[in-house]
Structure formats: structure tokens, C-alpha cells
Amino acid sequence: MTQDDTVPARRKYLDGTAEEQDQVIQYLNEYRTVVSNRRIHLKPQFQDFDITKCGHVTKSQFLRVLTQLGIFAPVSVLNLILRRYMDKGNADEVNYVDFCDEIDSHEVIFGVGRSHGQSFDYYPKNQPR
């Protein structure tokens, strides 16, 4: 067992009510649409602030990136989104990797990911010379 195997079990997400979760999901869908329409790749935007390469940025840095990209939401919804991605149990570090995976992942945008091998059905492998 490695450290990567136990990461999901060690996460401590802050929970909310069902109504709050529905509101967050609604705004995440809107973010997904904006990112897809503007063809924004989110992860490099956050990685500029992640000096230690740990996958977390501060709350203010997270909000700054969203503001720079022109992705806005009411303060109450932003607080709910922040609570959803604060997985260390503290109130300052936001897991931007999970946020990017949920908004900007290959599976969400294109319907297939890197782990899927069905792309060869549509694009056959070239024959060797």
C-alpha cells in the first residue's frame, strides 16, 4: 500500500445540506459550460500559485484565479464551493486538483478519458512503415 492509495480515505470534506449541495452542483455545471466555451485550461492557472506542488492553494488564491478567469458567483455560493474543496480539514487550503478534475477533466468535456481505449475504434492505429 502506498501513500497514493490512502489519499481518498484521508480527505476530510466539509459537508453541507442537500439544498446547498444542489446549489453547488448547479454553479459547477455553469462553470463547466464557461470553461468549455472559452476553452480555458484551469490547472495551469492554479499551478502558478502552487509553489510547493502539493495540489492545494489558499482560499484567496483560489478566488483570485476564478476572478482572473471571469468566473463569478454570489459570495454565499463561493463559500459553499470553497467548503466542498477544503479537504484537509482546515479553513484555508483548497484542493484545486479536485476542482479542476470536476470542471475541466477529459471525461466531463469529451466523454472519454485517458484510461479509455475505445479511441482506436474511431481513429485506427497507423500501420508501421
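For the numbers below, each heavy atom of this structure counts, side chains included, while hydrogens, waters and symmetry mates do not. Residue numbers run from 1 in the order of the sequence given.
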Checklist entry - Only one of L66, V94, L82 forms a side-chain contact (heavy atoms from CB on, under 4.5 Å) with F99, so which one is it? => result L66
Item to check | Chi angles and distances behind the ring pair (Phe, Tyr, Trp, His ring centres under 6.0 Å) call for Y96, F49 | outcome: CA-CA 10 Å; Y96 72 86; F49 292 102; 9.6 Å; no
Item to check | Pair E93-V57, side chain to side chain contact (heavy atoms under 4.5 Å, CB included): steps then yes or no | outcome: CA-CA 6 Å; E93 293 186 33; V57 293; over 6 Å; no
Considering all heavy atoms, the nearest [X]-[Y] contact:
X    : Y   : value
L69  : R38 : O-NH1, 2.6 Å
H41  : P44 : CD2-CD, 3.0 Å
I103 : L28 : CD1-O, 3.5 Å

Atom pair [atom1] ([X]) and [atom2] ([Y]), whose distance is rounded to the nearest 0.5 Å:
X   : Y   : atom1 : atom2 : answer
D48 : K43 : CG    : NZ    : 13.5 Å
Y27 : F72 : OH    : CZ    : 13.0 Å
Y85 : N95 : OH    : CG    : 9.0 Å
Y31 : I40 : OH    : CD1   : 11.5 Å
E20 : N79 : CD    : CG    : 10.0 Å
R32 : I25 : CZ    : CD1   : 9.0 Å

Item to check | R64 side chain to K59 backbone, donor-acceptor under 3.5 Å | outcome: no
Checklist entry - Does the D104 side chain pair with the main chain of L42, one donor and one acceptor, at a distance under 3.5 Å? => result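 At least one qualifying donor-acceptor pair exists.
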Item to check | Side chain to side chain, D50 and T52, heavy atoms closer than 4.5 Å | outcome: yes
Next on the checklist: Quick check: do M86 and D92 have side-chain heavy atoms less than 4.5 Å from each other?
Outcome noted: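 Not touching, per the 4.5 Å side-chain cut-off.
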Checklist entry - For residues Q61 and T58, is any side-chain donor paired with an opposing acceptor at under 3.5 Å? => result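 Yes, T58 and Q61 have a side-chain donor paired with an acceptor closer than 3.5 Å.
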Item to check | Residue pair V35, I71: steps toward the side chain to side chain contact (heavy atoms under 4.5 Å, CB included) verdict | outcome: CA-CA 9 Å; V35 166; I71 300 174; 4.1 Å; yes
Checklist entry - Would you find more than 12 non-hydrogen atoms of other residues, nucleotides or ligands less than 6.0 Å from Q68 atom CD? => result yes
Checklist entry - Below 4.0 angstrom, N of the basic side chain to O of the carboxylate: do E102 and R84 qualify? => result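 Salt bridge between E102 and R84, a charged N being under 4.0 Å from a carboxylate O: yes.
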